[in-house]
Amino acid sequence: MEEEARIREILDYYRAQRDRGDQSVIAELLRELQEVQGYLTPELKKEAAEAAGASEKLIHILVQRYPSLKESPFAHEILACTGERCGNREGARLLQEIRKELEIGKDGLSGDGQVMLRTRSCLKRCRTAVNMDIDGVPYTGLTPETGLELVRSICKKNK
Ligand code: FES
(Lines give C-alpha, C1' and ligand atoms only; values in the text may rest on other atoms or scores of the structure.)
Protein backbone atom coordinates (compact mmCIF):
# COMPACT_ATOMS: atom_id res chain seq x y z
CA MET A 1 0.00 0.00 0.00
CA GLU A 2 2.90 2.28 0.77
CA GLU A 3 4.39 1.56 -2.66
CA GLU A 4 1.11 2.51 -4.26
CA ALA A 5 0.95 5.83 -2.39
CA ARG A 6 4.53 6.65 -3.38
CA ILE A 7 3.79 5.90 -7.04
CA ARG A 8 0.69 8.14 -6.94
CA GLU A 9 2.72 10.91 -5.36
CA ILE A 10 5.42 10.74 -8.04
CA LEU A 11 2.90 10.63 -10.89
CA ASP A 12 0.91 13.55 -9.49
CA TYR A 13 4.05 15.61 -9.06
CA TYR A 14 5.19 15.13 -12.64
CA ARG A 15 1.71 15.50 -14.07
CA ALA A 16 1.66 19.03 -12.68
CA GLN A 17 5.04 20.04 -14.16
CA ARG A 18 4.94 22.45 -17.07
CA ASP A 19 7.90 20.80 -18.76
CA ARG A 20 6.58 17.29 -18.12
CA GLY A 21 6.93 16.44 -21.81
CA ASP A 22 10.71 17.10 -21.97
CA GLN A 23 12.64 13.92 -22.48
CA SER A 24 15.04 14.66 -19.60
CA VAL A 25 12.08 15.25 -17.29
CA ILE A 26 10.41 12.02 -18.40
CA ALA A 27 13.68 10.15 -17.79
CA GLU A 28 13.74 11.59 -14.27
CA LEU A 29 10.13 10.51 -13.74
CA LEU A 30 11.02 6.99 -14.88
CA ARG A 31 14.04 6.91 -12.57
CA GLU A 32 11.91 7.89 -9.58
CA LEU A 33 9.26 5.32 -10.43
CA GLN A 34 11.92 2.67 -10.83
CA GLU A 35 13.22 3.33 -7.32
CA VAL A 36 9.90 2.23 -5.83
CA GLN A 37 10.01 -1.39 -7.03
CA GLY A 38 13.52 -1.70 -8.42
CA TYR A 39 12.38 -1.86 -12.05
CA LEU A 40 9.81 -0.48 -14.45
CA THR A 41 6.78 -2.68 -14.89
CA PRO A 42 4.46 -2.51 -17.93
CA GLU A 43 1.89 -0.76 -15.72
CA LEU A 44 4.39 1.83 -14.49
CA LYS A 45 5.49 2.62 -18.03
CA LYS A 46 1.92 3.10 -19.11
CA GLU A 47 1.18 5.36 -16.17
CA ALA A 48 4.38 7.32 -16.80
CA ALA A 49 3.30 7.94 -20.40
CA GLU A 50 -0.05 9.22 -19.24
CA ALA A 51 1.46 11.49 -16.56
CA ALA A 52 4.00 12.91 -19.01
CA GLY A 53 1.46 13.34 -21.79
CA ALA A 54 3.81 11.28 -23.95
CA SER A 55 3.37 8.22 -26.13
CA GLU A 56 4.21 4.77 -24.84
CA LYS A 57 6.59 4.47 -27.78
CA LEU A 58 8.63 7.40 -26.46
CA ILE A 59 8.75 5.81 -23.01
CA HIS A 60 10.01 2.62 -24.61
CA ILE A 61 12.72 4.54 -26.51
CA LEU A 62 13.86 6.32 -23.35
CA VAL A 63 14.05 3.06 -21.39
CA GLN A 64 16.28 1.65 -24.14
CA ARG A 65 18.41 4.79 -24.28
CA TYR A 66 19.23 5.12 -20.56
CA PRO A 67 21.14 2.12 -19.23
CA SER A 68 20.18 3.08 -15.68
CA LEU A 69 16.53 2.35 -16.48
CA LYS A 70 15.57 -1.28 -16.04
CA GLU A 71 12.52 -3.10 -17.27
CA SER A 72 10.82 -5.70 -15.14
CA PRO A 73 12.18 -9.23 -15.43
CA PHE A 74 8.68 -10.54 -16.20
CA ALA A 75 6.65 -10.06 -19.38
CA HIS A 76 3.20 -9.28 -17.95
CA GLU A 77 1.72 -7.68 -14.90
CA ILE A 78 -1.75 -8.27 -13.57
CA LEU A 79 -3.25 -5.87 -11.10
CA ALA A 80 -6.30 -7.45 -9.48
CA CYS A 81 -8.80 -5.65 -7.29
CA THR A 82 -9.49 -7.07 -3.85
CA GLY A 83 -12.05 -4.41 -2.92
CA GLU A 84 -15.50 -5.10 -1.55
CA ARG A 85 -17.48 -4.31 -4.70
CA CYS A 86 -15.31 -6.53 -6.88
CA GLY A 87 -15.23 -9.16 -4.16
CA ASN A 88 -19.02 -9.22 -3.97
CA ARG A 89 -19.16 -10.04 -7.65
CA GLU A 90 -16.86 -13.03 -7.52
CA GLY A 91 -13.64 -11.06 -7.83
CA ALA A 92 -12.16 -13.25 -5.10
CA ARG A 93 -12.95 -16.38 -7.08
CA LEU A 94 -11.39 -14.89 -10.20
CA LEU A 95 -8.25 -14.09 -8.23
CA GLN A 96 -8.11 -17.60 -6.88
CA GLU A 97 -8.51 -19.06 -10.38
CA ILE A 98 -5.72 -16.86 -11.72
CA ARG A 99 -3.39 -17.89 -8.90
CA LYS A 100 -4.08 -21.50 -9.70
CA GLU A 101 -3.82 -21.15 -13.47
CA LEU A 102 -0.51 -19.30 -13.39
CA GLU A 103 0.89 -21.10 -10.33
CA ILE A 104 1.48 -17.84 -8.56
CA GLY A 105 3.95 -18.07 -5.71
CA LYS A 106 4.15 -16.12 -2.45
CA ASP A 107 6.17 -13.39 -4.15
CA GLY A 108 3.38 -12.86 -6.71
CA LEU A 109 5.39 -14.33 -9.56
CA SER A 110 3.98 -17.05 -11.80
CA GLY A 111 5.51 -20.50 -11.98
CA ASP A 112 7.19 -19.69 -15.30
CA GLY A 113 8.47 -16.33 -14.04
CA GLN A 114 6.65 -14.45 -16.81
CA VAL A 115 3.75 -12.88 -14.93
CA MET A 116 3.64 -10.75 -11.80
CA LEU A 117 0.33 -10.68 -9.95
CA ARG A 118 -0.30 -7.75 -7.67
CA THR A 119 -3.44 -6.75 -5.84
CA ARG A 120 -4.90 -3.41 -4.92
CA SER A 121 -7.66 -2.74 -2.42
CA CYS A 122 -9.68 -0.73 -4.96
CA LEU A 123 -9.00 0.28 -8.56
CA LYS A 124 -11.40 3.22 -8.18
CA ARG A 125 -13.93 2.13 -10.74
CA CYS A 126 -16.17 0.01 -8.53
CA ARG A 127 -19.26 0.61 -10.64
CA THR A 128 -17.87 -1.65 -13.34
CA ALA A 129 -16.74 -4.46 -11.02
CA VAL A 130 -15.11 -6.91 -11.41
CA ASN A 131 -12.05 -4.94 -12.47
CA MET A 132 -8.52 -5.91 -13.32
CA ASP A 133 -5.59 -4.30 -15.19
CA ILE A 134 -3.26 -6.31 -17.36
CA ASP A 135 -0.08 -4.53 -18.46
CA GLY A 136 -1.72 -1.24 -17.56
CA VAL A 137 -4.84 -1.85 -19.66
CA PRO A 138 -8.08 -1.73 -17.67
CA TYR A 139 -10.64 -4.52 -18.05
CA THR A 140 -14.07 -4.27 -16.50
CA GLY A 141 -17.23 -6.27 -15.88
CA LEU A 142 -15.30 -9.51 -15.61
CA THR A 143 -16.60 -12.83 -14.40
CA PRO A 144 -14.31 -15.62 -13.18
CA GLU A 145 -14.73 -17.22 -16.62
CA THR A 146 -14.13 -14.16 -18.84
CA GLY A 147 -11.33 -12.92 -16.57
CA LEU A 148 -9.53 -16.23 -16.69
CA GLU A 149 -9.96 -16.44 -20.45
CA LEU A 150 -8.47 -12.97 -20.78
CA VAL A 151 -5.48 -13.88 -18.63
CA ARG A 152 -4.90 -17.00 -20.67
CA SER A 153 -5.07 -15.14 -23.98
CA ILE A 154 -2.69 -12.37 -22.91
CA CYS A 155 -0.29 -14.09 -20.52
CA LYS A 156 -0.05 -17.52 -22.04
CA LYS A 157 -0.31 -16.79 -25.73
CA ASN A 158 3.25 -17.86 -26.49
CA LYS A 159 2.71 -21.33 -25.09
S1 FES B 1 -13.76 -2.51 -5.33
FE2 FES B 1 -12.86 -3.09 -7.20
S3 FES B 1 -12.66 -1.21 -8.22
FE4 FES B 1 -13.36 -0.62 -6.27
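Order of listing sets the numbers, starting from 1, for every ligand and every atom in it. Fair warning: this is a prediction, and the values are worked out from it, not measured in the lab.
Looking at Leu30 and Ile59, their side chains come closer than 4.5 Å, going by heavy atoms from C-beta outward. The closest side-chain heavy-atom distance from Phe74 to Thr41 is below 4.5 Å. In this structure, Glu32 and Arg6 have side chains that are in contact, with non-hydrogen atoms separated by less than 4.5 Å.
Close approach of ligand 1 to Arg125 (heavy-atom distance below 4.0 Å) involves ligand atoms 3 (S). Remark: ligand 1 atoms within the under-4.0 Å shell around heavy atoms of Lys124 are 3 (S). Here is the list of ligand 1 atoms found below 4.0 Å of a heavy atom in Gly83: 1 (S). Every atom of ligand 1 with a heavy atom of Asn131 under 4.0 Å away is listed here by number and element: 3 (S). Close contacts between ligand 1 and Cys122 involve ligand atoms 1 (S), 3 (S), 4 (Fe) [criterion: under 4.0 Å to a heavy atom]. Less than 4.0 angstrom separates some heavy atom of Arg85 from each of these atoms of ligand 1: 1 (S).
Only the side chain of Cys81 comes within contact range of ligand 1, with a heavy atom under 4.0 Å; no backbone atom does.
Of all non-hydrogen atoms in Arg125 and Thr140, the two that sit nearest each other are NE-CG2, 3.7 Å.
One side chain, Asp112 or Ser110, offers a donor N or O that lies under 3.5 Å from an acceptor on the other. Checking Gln17 against Glu28 by side-chain atom types alone, no donor-acceptor pair falls below 3.5 Å.
Here Cys126 meets the criterion, with an N, O or S atom under 2.8 Å of atom 4 (Fe) of ligand 1.
Considering only non-hydrogen atoms, atom 3 (S) of ligand 1 lies nearest to Leu123 out of Leu123, Asn88, Thr140.
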| said: side chain to side chain contact (heavy atoms under 4.5 Å, CB included) for Ile134 and Tyr139? Distances and angles first, verdict last. | reply: CA-CA 8 Å; Ile134 303 181; Tyr139 296 94; 3.9 Å; yes

